[in-house]
Amino acid sequence: MRIRATVAAVSGALALSALAVPAAQADDSAAAQRADVAKIRQAALAASGKAAAEEGKPYALNVTFSNFKIAKAIKVGTTEHVAATVTYTLTHGADVNIAAADFITDPYIYKGSFASPDNRLYGNKPAKCTAASATTATCKGTIDVYPGGHELINSDAGTWKAAAEATALNGQDPAGETFDITKTGYKRQDGLGSTLVQRASKLTVNASPEPVKKGKTITITGKLSRANWDRGTYNGYVEQPVNLQFRKKNSSTYTTVKTIKTNATGDLKTTVKATEDGYFRYTFAGTPTTPAVNATGDFIDVQ
């Protein structure tokens, strides 16, 4: 689920408000919680000054986060929802009731700086925590991504950093007339880890003619493409090194024949001499923005 700052010129409390609009995929209760947390977050992180002092702030919630675990890479295509599981340890003071219905904690990842991120991704719902002791809990949540909802743009691909936050409403209703924000608590923490958010890749191969006589030329074509989040399509990944590999008919091991580069449209084409029955495939090692991928081997019958 995305929370993106869409207006670069916005700053301070207004920027935090811009970050508070959740994606439509969250259910109604989760969306309501998101709105409550956003109001608390906005006040907690607002610039200091007379206006901030008059409005009040939540107190610093006595919690810390550790043992944050997330997949090394999150591969995102153009339409399908992707959910990445996150686990972490929440350590809290005796005065923090993590079992309360209005205690909310979330893992999230962000692109850019912690203070002013370009984009953030949350889960559809808050994390669920299980007490491990009187002051520690093991929490589990997700990072949910909906590329079809324009949650990502191509420049978002690469390294994202991990953080977590917790909010204790303590019975306060942010929409109520008697709401007292100073009776709510909030804490966020960065430096918990990182992951790669990558543009999902595809790779094809075709060896022809088939069958072919021994010693004759085989032409092997293919295409390397990756998700274009800006357009919602897959487009060629240009000027990338790709290995051509061969596996003998009765073998399970591929060996590299040569390395070539994709052209200006992501296409591949090379030739080899036919020697024996077997499978040809292209394989791509990947980059920080695009995951590794292997084409399914194409059998060639050498006569």
Donor-acceptor pair, distance only, cut-off 3.5 Å: does the side chain of Thr219 make one with the backbone of Thr271? no
Answer yes or no: is there a side-chain heavy-atom contact under 4.5 Å between Glu239 and Lys261? yes
Which atom of Phe179 lies closest to which atom of Thr184, heavy atoms considered: CE1-CG2, 3.9 Å
Rounded distance (nearest 0.5 Å) linking atom CZ of Arg281 with atom OG1 of Thr283: 5.0 Å
For Ser133 and Thr136, test the side chains for any donor-to-acceptor distance below 3.5 angstrom and give the result as yes or no. yes
Test item: Asp277 and Gln303 side chains (from C-beta on) under 4.5 Å apart, heavy atoms: no
Dump the intermediate steps for side-chain contact (heavy atoms from CB on, under 4.5 Å) on Cys129 and Thr105, then the final yes or no. CA-CA 8 Å; Cys129 298; Thr105 180; 3.5 Å; yes
Just verifying a value: how many Å separate Glu210 CD and Asp298 CG, rounded to the nearest 0.5 Å? 7.5 Å
Backbone of Pro174 reached by a side-chain donor or acceptor of Lys39 within 3.5 Å: yes
State the OG1-CD1 distance between Thr195 and Ile143, to the nearest 0.5 angstrom. 9.0 Å
Do the side chains of Asp267 and Lys223 get close enough for a salt bridge, i.e. N-O under 4.0 angstrom? yes
Does Val257 share a hydrophobic cluster with Leu224, counting links as ILVMFWY side-chain heavy atoms below 4.5 Å and allowing steps through other members? yes
Would Ile300 end up clustered with Leu268 when hydrophobic side chains under 4.5 Å apart are linked, directly or stepwise? yes
Out of curiosity, does Tyr59 fall in the hydrophobic cluster containing Ile98 (side-chain heavy atoms, cut-off under 4.5 Å, transitive links)? yes
For the residue pair Asn228 and Arg199, what are the closest heavy atoms and their distance? CA-NH2, 3.9 Å
Closest heavy-atom pair, Phe284 versus Thr290, reported as atoms and distance to 0.1 Å, is CE2-CG2, 4.1 Å
Is the shortest side-chain heavy-atom distance between Arg226 and Val293 below 4.5 Å? no
Any side-chain to backbone donor/acceptor pair from Asn67 onto Tyr88? Under 3.5 Å, distance only. no
One should read off an interatomic distance between Asn170 CG and Leu61 CG, to the nearest 0.5 angstrom, of 8.0 Å
Just by distance, no angles: are the side chains of Lys57 and Thr182 close enough, under 3.5 Å, to form a donor-acceptor pair? no
Val205-Tyr254 co-clustered via ILVMFWY side chain contacts under 4.5 Å: no
Can you list the steps and then say if Leu196 with Thr159 is a side-chain contact (heavy atoms from CB on, under 4.5 Å)? CA-CA 5 Å; Leu196 294 175; Thr159 301; 3.4 Å; yes
Going by atom types alone, do Tyr279 and Thr296 pair a side-chain donor with an acceptor below 3.5 Å? no
Going by an N to O cut-off under 4.0 Å, is there a salt bridge joining Asp106 and Arg34? yes
Single-linkage hydrophobic cluster, 4.5 Å side-chain cutoff, Val212 and Phe246 together: yes
Does the side chain of Thr233 reach to within under 4.5 Å of the side chain of Thr78, using non-hydrogen atoms? no
Residue pair Tyr282 / Ile220, side-chain heavy-atom distance below 4.5 Å: yes
Determine the minimum heavy-atom distance between Pro107 and Phe68, stating which atoms define it. CB-CE1, 3.8 Å
State yes or no: are the ring centers of Phe280 and Phe299 separated by less than 6.0 Å? no
Would you call Val37 and Tyr122 a side-chain contact if the rule is heavy atoms closer than 4.5 Å? no
How about Val63 and Thr91: do any of their side-chain heavy atoms sit closer than 4.5 Å? no
Within the 3.5 Å criterion, strictly below it, is a donor on Tyr186 or Glu165 matched to an acceptor on the partner's side chain? yes
Minimal non-hydrogen separation, Lys273 against Gly215, with atom names: CD-O, 3.5 Å
State whether Tyr110 and Lys161 meet the cation-pi test: NZ (Lys) or CZ (Arg) under 6.0 Å from the six-membered ring centroid, and within 45° of the perpendicular axis. no
Kindly give the heavy-atom pair with the smallest separation between Lys213 and Ala274, and that separation in Å. O-CB, 3.6 Å
